[in-house]
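Just below is one structure, and these are the notes that go with it.
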Amino acid sequence: MASSAISATPTPSFIANQKDLGRFGFSSTSQFSIHKCKKSAIPMKIMSVMTPQQSDRRPATTGSVKTALTLTEKILARASEKPQLSPGENVWVNVDILMTHDVCGPGSIGIFKKEFGENAKVWDREKLVIIPDHYIFTSDERANRNVDILRDFCTEQNIKYFYDIKDLSNFKVNPDYKGVCHIALAQEGHCRPGEVLLGTDSHTCTAGAFGQFATGIGNTDAGFVLGAGKLLLKVCSCSCSCSFFFFFFFLFCYSETGILSCRDPRVPPTLRFVMDGEMPDYLLAKDLILQIIGEISVSGATYKAMEFTGTTVESLTMEERMTLCNMVVEAGGKNGVVPADSTTFKYLEDKTSIGYEPVYSDAKASFLSEYRFDVSKLEPLVAKPHSPDNRALARECKDVKIDRVYIGSCTGGKTEDFLAAAKVFLASGKKVKVPTFLVPATQKVWMDVYALPVPGSGGKTCSQIFEEAGCDTPASPSCGACLGGPKDTYARMNEPMAKLWTNERWSMITYNTDSRLLKSYLPFFMINVVNDNYGYLICLLSILINSSDALALQVCVSTTNRNFPGRMGHREGQIYLASPYTAAASALTGYVTDPREFLQ
């Protein structure tokens with residue numbers, strides 16, 4: 001049993017204990033030989049076939065031998081109508097809920113109609129949930145057309161759960177509109193323990209917080225589920241970093257679009273993450289999942305289930321558990337899951353009338369690996385550009401100057417995320433030093449921002465505290481700039497900004513550049529400067545003296561889930577992933593800031 005000590009820096013392992021619990025007991029030195037049998041001469045003419053003699057032995061009265069299963073394995077066993085299964089099996093699962101949105105919905109619908117027929121009906125109109133949320137508040141005609149396609153299909157199919165939006169000028173006059181699909185699914189009661197929920201979005205894994213199997217699938221898979229109500233779980237064997245179901249099986253034929261390169265359909269093995277210890281008041285679930293991803297890397301859980309347990313997890317609210325499960329895909333995970341408990345049941349009390357049956361990992365269930373964390377010893381973290389596993393302590397990045405802060409998305413745009421940010425602003429009593437964008441995930445979250453009092457504020461709401469701190473007015477609920485989107489998307493990072501000194505003043509000049517290296521542009525810059533204005537040669541001199549000060553790419557601290565190049569707009573934007581605490585603290589100083597500066 002290997003162990004490593006807790007350290008003050010993230011470079012050494014924070015794991016208190018890790019077990020390698022491989023399922024197979026074969027020795028690494030074992031040798032296997034395969035003997036080929038010689039073909040015997042068999043007459044082509046068969047005269048008769050004898051039925052084998054039946055045994056008089058009666059069936060065992062004790063029933064079939066059962067193997068201990070993990071939570072994920074139990075859900076898939078039930079969904080595939082099998083008494084038991086294990087990682088490595090091909091498994092067709094019956095789907096309880098299929099979710100799609102405006103980005104992937106039209107493509108899925110197109111495939112459904114092409115393969116099942118123009119007049120085909122979906123397998124169950126009450127198990128399909130369609131939620132426009134990604135590219136909503138934009139003048140982009142193609143984005144608007146996607147929502148129109150969804151609306152026409154839902155009318156044609158009489159879909160019960162279509163959360164439509166028609167008036168883009170004021171989201172509040174659209175009572176059916178919700179916002180970000182992963183949060184809306186939970187708020188509207190579509191997430192239930194023990195069920196299978198699939199969605200055409202990689203962060204569908206968020207719903208695993210409810211003790212269910214939830215994962216993202218591709219448009220082709222969704223097209224099949226629309227007609228059949230089931231799907232064969234399949235993992236892609238190529239070097240993809242995301243573990244989707246790139247599979248379509250119709251009339252027992254593979255398509256000619258590269259599907260043959262995908263193989264090895266199987267039930268995912270499970271990694272268990274045990275988190276114990278009292279949660280410090282300066283940490284949030286975002287810090288926990290950044291810690292885990294930094295520990296195992298963005299490929300550490302590829303096509304694996306990630307099960308979260310321990311006293312710390314049990315103490316988390318449902319929204320914090322959703323944050324934890326939301327980013328398992330950033331570790332390559334197939335799904336994340338938290339065992340349902342009294343917190344889960346209480347959350348669901350007024351949200352669903354549909355019965356559900358939670359399941360739990362057996363005491364002797366086999367896990368591929370187990371990781372243990374002492375949460376009381378963790379510190380606030382960030383993920384530096386350009387990968388979610390580029391982990392660092394927030395206090396180690398205190399010299400990183402930032403240009404903006406973004407609080408929103410399915411990861412960090414829930415009610416409790418805004419309450420956390422307001423807590424930091426309230427404690428500081430200061431104004432933000434950089435533009436701070438607020439994008440509530442759903443219409444309900446938006447209302448909470450304006451209605452719920454912040455604890456210890458004397459009755460002030462989040463919106464009042466945000467206004468006093470100088471933040472932007474909370475925007476219309478949607479995915480916003482998390483996925484970049486059309487150029488008119490609110491808070492999108494459209495251009496990198498360069499600070500240039502002239503003989504008159506500091507000015508902000510925008511460059512459309514393809515390289516992060518300033519020197520690549522000096523010849524071009526010099527020619528233009530000389531031709532335009534001799535006085536700007538001073539600007540060039542400043543660049544030559546101190547290029548790092550002269551050109552600063554736009555830096556954003558964000559509560560979102562990905563910081564790949566171009567994720568929030570311009571490909572040169574620098575994104576630091578952080579918790580709402582750290583994001584708010586950074587907004588107040590203009591630098592990446594440890595929230596303990598204001599919370600202690």
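These numbers were taken from a predicted model, which means no experiment stands behind them. Numbers here simply count residues along the sequence, with the first being 1.
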Exercise for the section: Using the ring-ring contact (aromatic ring centres under 6.0 Å, His included) rule, take Phe210 and Tyr347 through it: C-alpha gap first, then chi angles, then the decisive distance, then the call. Expected result: CA-CA 10 Å; Phe210 291 84; Tyr347 182 93; 5.5 Å; yes
Practice task
Output, in order, the C-alpha distance, side-chain angles, deciding distance and verdict of ring-ring contact (aromatic ring centres under 6.0 Å, His included) for Tyr177 and Phe171.
Solution key: CA-CA 7 Å; Tyr177 177 68; Phe171 72 90; 7.0 Å; no
Practice task
Before giving the answer on side chain to side chain contact (heavy atoms under 4.5 Å, CB included), spell out for Tyr161 and Leu128 the whole-Å C-alpha distance, their side-chain angles and the decisive distance to 0.1 Å.
Solution key: CA-CA 7 Å; Tyr161 299 111; Leu128 176 59; over 6 Å; no
Problem - Residue pair Phe308, Ile292: steps toward the side chain to side chain contact (heavy atoms under 4.5 Å, CB included) verdict - result: CA-CA 11 Å; Phe308 303 102; Ile292 290 172; 3.7 Å; yes
Handout entry: Worked verdict on Val382 versus Leu290 for side chain to side chain contact (heavy atoms under 4.5 Å, CB included)
Key = CA-CA 7 Å; Val382 297; Leu290 288 180; 5.6 Å; no
Exercise for the section: Please lay out, stage by stage, how Thr415 and Leu419 fare under the test side chain to side chain contact (heavy atoms under 4.5 Å, CB included). Expected result: CA-CA 6 Å; Thr415 296; Leu419 286 169; 4.1 Å; yes
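With contacts defined as side-chain heavy-atom distances shorter than 4.5 Å, the pair Leu483/Tyr135 qualifies. Residues Ile183 and Met322 are in side-chain contact: their nearest non-hydrogen atoms beyond the backbone lie under 4.5 Å apart. A 4.5 Å side-chain heavy-atom check between Leu381 and Leu577 finds every atom pair outside the cut-off. The closest side-chain heavy-atom distance from Ile465 to Val454 is below 4.5 Å. The side-chain heavy atoms of Met447 and Lys172, taken from C-beta on, include no pair separated by under 4.5 Å. By the 4.5 Å heavy-atom criterion applied to side chains, Pro193 and Thr344 are counted as neighbours. Within the 4.5 Å cutoff, no side-chain heavy atoms of Asp276 are placed close to those of Asp374. Considering only heavy atoms from C-beta on, Arg404 comes within 4.5 Å of Met493 through its side chain.
Here the side chain of Arg321 pairs a donor or acceptor atom with the backbone of Leu316 at under 3.5 angstrom. Under a 3.5 Å cut-off, the side chain of Thr352 and the backbone N or O of Leu348 do not form any donor-acceptor pair. A donor-acceptor contact shorter than 3.5 Å is absent between the side chain of Ser376 and the backbone of Glu278. Between the side chain of Asp102 and the main chain of Val147, no donor-acceptor pair closer than 3.5 Å is present. A donor-acceptor contact shorter than 3.5 Å is absent between the side chain of Thr436 and the backbone of Cys471. Formation of a donor-acceptor pair under 3.5 Å by the Glu319 side chain with backbone atoms of Glu416 is found in this model. Between the Glu307 side chain and the Val337 main chain, no donor and acceptor come within less than 3.5 Å of each other. Side-chain N or O atoms of Thr215 include one that pairs as donor or acceptor with a backbone N or O of Lys334 at under 3.5 Å. No donor-acceptor pair closer than 3.5 Å links the side chain of Asp201 to the backbone N or O of Gly216. The backbone N or O of Tyr576 sits nowhere less than 3.5 Å from a side-chain atom of Lys384 that would complete a donor-acceptor pair.
Gln464 and Glu468 form no side-chain donor-acceptor contact under 3.5 Å, judged by distance and modelled atom types alone. Under the 3.5 Å distance criterion, with hydrogens and angles disregarded, no donor-acceptor pair is assigned to the side chains of His182 and Asn326. Side-chain contact check for Tyr163 and Asp133: no donor-acceptor pair (N or O, by modelled atom type) lies under 3.5 Å. A donor-acceptor contact under 3.5 angstrom links the side chains of Thr100 and Thr200, judged on distance only. Using a 3.5 Å distance cut-off with no hydrogens or angles, the side chains of Thr411 and Arg562 do not pair a donor with an acceptor. Side-chain contact, Ser139 with Asp488: a donor N or O sits under 3.5 Å from an acceptor N or O.
Listed here is the closest heavy atom pair of Pro595 and Ala585: CA-CB, 3.7 Å. Smallest separation of non-hydrogen atoms from Ala584 and Ala421: CB-O, 3.8 Å. In plain terms, the two heavy atoms of Lys178 and Ala184 that are nearest each other are CB-CB, 3.7 Å. Closest non-hydrogen pair, Ala383 versus Pro388, comes out as CB-O, 3.5 Å. Nearest heavy atom pair, residue Ser387 against residue Asp389, reads OG-OD1, 2.6 Å. Nearest heavy-atom pair, Thr461 versus Ser463, reported as atom, atom and distance to 0.1 Å: OG1-OG, 2.9 Å.
In Gln600, the CD atom is crowded: over 12 heavy atoms of neighbouring residues, nucleotides or ligands sit closer than 6.0 Å. Sparse packing is recorded around NZ of Lys166, with 12 or fewer heavy atoms of other residues, nucleotides or ligands lying under 6.0 Å away.
For the atom pair Cys462 SG and Leu452 CG, the distance stands at 7.0 Å (nearest 0.5 Å). The OG1 atom of Thr343 sits 12.5 Å away from atom CD of Glu320, with the distance rounded to the nearest 0.5 Å. With values rounded to the nearest 0.5 angstrom, Asn170 atom CG is found 7.5 Å from Asn174 atom CG. How far OH of Tyr490 is from CZ of Phe137: 12.5 Å, rounded to the nearest 0.5 Å. To the nearest 0.5 Å, the span separating OG on Ser297 from CD on Glu330 amounts to 12.5 Å. To the nearest 0.5 Å, the span separating CD on Glu379 from CG on Leu283 amounts to 8.5 Å.
Residue pairs meeting the side-chain hydrogen bond (donor to acceptor under 3.5 Å, both in side chains) criterion with at least one member in residues 582-592, sequence neighbours excluded, are Ser579-Thr582, Thr589-Thr593. Counting only residues at least two apart or on different chains, the side-chain hydrogen bond (donor to acceptor under 3.5 Å, both in side chains) pairs with a member in residues 421-433 are Lys423-Tyr581.
Separation of the Tyr406 and Phe437 ring centroids does not fall under the 6.0 Å cut-off.
The pair Glu597-Arg395 does not count as a salt bridge, with every side-chain nitrogen at least 4.0 angstrom from each carboxylate oxygen.
Considering Lys414, Gln187, Glu188 in turn, Gln187 is the only one that fulfils the side chain to side chain donor-acceptor pair (under 3.5 Å) rule with Thr442.
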